[in-house]
Amino acid sequence: MFPVLERARYLLLDTLGIAIAAGPMEAGRIARDTATLLYGSADPLHSARMLFDGRRASIAGAAYAAATQIDNLDGHDGYSPTKGHIGVAVVPALAALAEALPDLSGPEALASLVVGYEVAGRAGISLHATVSDYHTSGAWNALGVVAMAARLRRLGDDQLRQALGIAEYHGPRSQMMREIANPTMLHDGSGIGTLIGLSAAVLAERGFTGAPAITIEEPEVATHWQDLGAFWQVLHQYVKPYPICRWAHAAIDATRGLCHAHHLGPSDISHVEVNSFHYAATLFDGMPDTTSKAQYSLRFAVATSIVHGRIGLEHISGSGLEDAAVADMLDRISVSESARHSARFPAGRWADVTITTRDARVLASGDVHARGGPEAPLTEAEIEAKYMDYATPVLGQGRASAIRDAVLSLADHESRFSDLSVLIYDPPLISTLLQRPAW
């Protein structure tokens, strides 16, 4: 079990980094304000401070705000078999639930987080296996939130069953491809999924009943639950190196590999041909005019990587959306679906890239899988560096480092979640925000 808790630390750290960086963004500000307007509570057992904001809402409202905030900066972890994301829901739920648990130990907090990942992941796989439409993560990560709440609030077996049924019944069966075709702040539905998960837990705690959860109890999905406690999905989550939809990452990595190997800059490139799987080929195709469109891009992401050598928050918002050099490069990139790559989805995220240079060389990448998952994992040092890159401009070096150290200490038996909680609810200092880059 210990390696599972070790990995959970880094998933928590990575997700908190995205939450911090997303805090100043418009979607997060709207979500937090809305939570105070619509989802308040004065009951100490059912209220919590919002992450990196400090205002109080109900536990469901506080978690909703943070999940929506994280969901709108597409740099958080995911799990390929679910075609979606778990940490975006379960980390905000943990932070909200922990407010009423001052003695929560670090290992118990991490164990509860693991429960959320394991239940949500299997619920997602079960849902995709039994319905024809492709639903957002909020449709199933709500069940992982329920499982965490049941553990931390000590719900009985029947209360857990009822809560899972309520969450599945009320879960947002929102169609993912609608959002891909028209990217908005709705993103992957995880904000509302988190809200529903914690609401379902409180409803069941108070005696409300729900229909049995089909994605858990139907005989046809039993195979997806048989390895619970034996196969740890936590160990197979991917961590993103770029704040871009995972579907574009293989193309980015393949292009970056060619550029580095052959010392290519924008002026050296005549054309870039990307072949990838079906869903990757459906991503937003033009020059984006919103942050949401920029994150659901492929050509824009590849162009940005070529021009700037990286993809940061400054490239997917503000003046980055009007970058003439990126727009020029984007016009030299074409994207096609490859049956070979489509056949390997969702288990893998593959692409191959061919670059034709100005001097008529034709350079091929071969098949490349996106970095960050079990196939090509980021090192722990890379995850820590990513966290600091995202957190420091908003919080400052001192507070960002203190949060990192507190998270990485949670697996220690003597640690308490309160060692971390004293650092993650207060808003950034105004002076720090004024010094951060404009994105």
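The basis for the numbers below is simple: all heavy atoms, side chains too, and nothing from hydrogens, waters or symmetry mates. As the structure is a computational prediction, the values presented were derived from the model and not from experiment.
- Leu235 and Pro3 get closest at one heavy-atom pair: CD2-O, 3.8 Å.
- For the pair Tyr425 and Asp53, the minimum side-chain heavy-atom distance is 4.5 Å or more.
- In this structure, CD1 on Ile196 lies 11.0 Å from OH on Tyr64, to the nearest 0.5 angstrom.
- Side-chain contact between Val326 and His308: present, with at least one pair of heavy atoms (C-beta onward) separated by less than 4.5 Å.
- One distance of note links CG of Leu104 with CG of Leu110; it measures 9.0 Å at 0.5 Å rounding.
- Of the N and O atoms on the side chains of Gln295 and Thr291, not one donor lies less than 3.5 Å from an acceptor on the other residue.
- Using a distance-only test at 3.5 Å, with no hydrogens or angles considered, no donor-acceptor pair links the side chain of Ser305 to the main chain of Val302.
- Applying the side-chain contact (heavy atoms from CB on, under 4.5 Å) test to Ala281 and every residue at least two apart in sequence or in another chain returns Val335, Glu337.
- Distance alone, capped at 3.5 Å, places no donor-acceptor pair between the Lys83 side chain and the His128 backbone.
- A salt bridge links Glu217 and Arg161; the closest N-O separation between the charged side-chain nitrogens and carboxylate oxygens is under 4.0 Å.
- The closest donor-acceptor contact from the side chain of Ser297 to the backbone of Ala294 lies under 3.5 Å.
- Between Ala62 and Met50, the shortest heavy-atom contact is CA-CG, 3.8 Å.
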Could you walk me through whether Asp133 and Arg173 pass the salt bridge (charged side-chain N to carboxylate O under 4.0 Å, His left out) test, one step at a time? CA-CA 9 Å; Asp133 212 349; Arg173 292 294 178 95; over 6 Å; no
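- Using a 4.5 Å heavy-atom cutoff, the side chains of Leu313 and Leu73 are in contact.
- Under the salt bridge (Lys or Arg N to Asp or Glu O under 4.0 Å) criterion, Arg399 pairs with no residue at all, not counting sequence neighbours.
- Aromatic rings of Phe300 and His315 (six-membered ring for Trp) have centroids beyond the 6.0 Å cut-off, not under it.
- Ring orientation note: the planes of His76 and His85 are nearly perpendicular, at an angle over 60° on the 30°/60° scale.
- Under 4.0 Å is where a charged nitrogen must lie from a carboxylate oxygen, and between Asp389 and Arg310 no such pair does.
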Verify side chain to side chain contact (heavy atoms under 4.5 Å, CB included) between Arg299 and Phe284, making sure each step is shown before the conclusion. CA-CA 8 Å; Arg299 285 205 302 152; Phe284 185 77; over 6 Å; no
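- One N or O on the side chain of Arg32 and one on the backbone of Gly23 form a donor-acceptor pair closer than 3.5 Å.
- The distance from the OG atom of Ser137 to the CD1 atom of Ile192 is 14.5 Å, given to the nearest 0.5 Å.
- Looking at heavy atoms from C-beta onward, Phe208 lies out of side-chain contact with Gln162 at the 4.5 angstrom threshold.
- Taking the ring-ring contact (aromatic ring centres under 6.0 Å, His included) definition, one finds that Tyr279 meets it with Tyr134, Trp247, Phe345, sequence neighbours left out.
- With values rounded to the nearest 0.5 angstrom, Asn182 atom CG is found 10.5 Å from Ile180 atom CD1.
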Using the side chain to side chain contact (heavy atoms under 4.5 Å, CB included) rule, take Ile403 and Phe52 through it: C-alpha gap first, then chi angles, then the decisive distance, then the call. CA-CA 12 Å; Ile403 291 172; Phe52 306 104; 3.8 Å; yes
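- Arg371 and Tyr242 are linked by a side-chain donor-acceptor pair at a separation below 3.5 angstrom, with hydrogens and angles left out of the test.
- Scored by the salt bridge (Lys or Arg N to Asp or Glu O under 4.0 Å) test, Asp33 finds Arg55 as partners (sequence neighbours excluded).
- Taking the salt bridge (Lys or Arg N to Asp or Glu O under 4.0 Å) definition, one finds that Arg256 meets it with nothing, sequence neighbours left out.
- The backbone N or O of Gly87 sits less than 3.5 Å from a side-chain atom of Asp77, completing a donor-acceptor pair.
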Are Arg56 and Glu99 close enough, and set up right, to give a side chain to side chain contact (heavy atoms under 4.5 Å, CB included), and what steps lead you there? CA-CA 11 Å; Arg56 297 195 77 84; Glu99 279 275 73; 3.7 Å; yes
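- Residue Arg344 qualifies as enclosed at atom CZ: its count of foreign heavy atoms under 6.0 Å is above 12.
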Walk me through it: do Glu218 and Thr130 pass the test side-chain hydrogen bond (donor to acceptor under 3.5 Å, both in side chains)? CA-CA 10 Å; Glu218 280 293 296; Thr130 52; over 6 Å; no
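- Using modelled atom types, one side-chain atom of Ser276 and one backbone atom of Trp350 make a donor-acceptor pair closer than 3.5 Å.
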Can you list the steps and then say if Ser174 with Thr136 is a side-chain hydrogen bond (donor to acceptor under 3.5 Å, both in side chains)? CA-CA 6 Å; Ser174 39; Thr136 62; 2.6 Å; yes
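- Taking Glu26 as the reference, Arg29, Ile30, Met185 meet the side-chain contact (heavy atoms from CB on, under 4.5 Å) condition, with sequence neighbours excluded.
- Both tests do not hold together for Arg404 against Tyr387: distance to the six-membered ring centre under 6.0 Å, angle to the ring axis within 45°.
- To the nearest 0.5 Å, atoms CE (Met287) and NZ (Lys293) are separated by 12.0 Å.
- Side chain to side chain, Ser126 and Trp140 fail the donor-acceptor criterion of an N or O pair below 3.5 Å.
- Interatomic distance, Asp103 CG to Glu108 CD, rounded to the nearest 0.5 Å: 12.5 Å.
- Between Asp14 and Tyr390 the shortest side-chain heavy-atom distance does not fall below 4.5 Å.
- Considering only heavy atoms from C-beta on, Thr15 comes within 4.5 Å of Ile70 through its side chain.
- In this structure, the side chain of Ser41 does not engage the main chain of Ser58 through any donor-acceptor pair within 3.5 Å.
- When the shell of 6.0 Å around OH of Tyr169 is examined, it contains 12 or fewer heavy atoms from other residues, nucleotides or ligands.
- By the 4.5 Å heavy-atom criterion applied to side chains, Ile424 and Arg49 are not counted as neighbours.
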Going through the distances and angles, do Glu118 and Arg122 end up as a salt bridge (charged side-chain N to carboxylate O under 4.0 Å, His left out)? CA-CA 6 Å; Glu118 299 300 325; Arg122 287 169 175 82; 2.7 Å; yes
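- Contact detail for Ala67 and Gly191: the closest heavy-atom pair is CB-CA, 3.8 Å.
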Show your working on side chain to side chain contact (heavy atoms under 4.5 Å, CB included) between Leu94 and Phe417 and close with a plain yes or no. CA-CA 10 Å; Leu94 174 62; Phe417 191 80; 3.9 Å; yes
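- With hydrogens and angles ignored, the 3.5 Å screen pairs a side-chain donor or acceptor of Gln237 with a backbone N or O of Gln233.
- Checked by atom type and distance alone, the side chain of His369 pairs as donor or acceptor with a backbone atom of Arg349 at under 3.5 Å.
- Summarising the local packing, CG of Asp43 is surrounded by more than 12 heavy atoms from other residues, nucleotides or ligands at distances under 6.0 Å.
- Side-chain contact check for Tyr296 versus His187: some heavy-atom pair is nearer than 4.5 Å.
- Remark: side-chain polar atoms of Gln69 are not paired, donor with acceptor, to backbone N or O of Ala22 under 3.5 angstrom.
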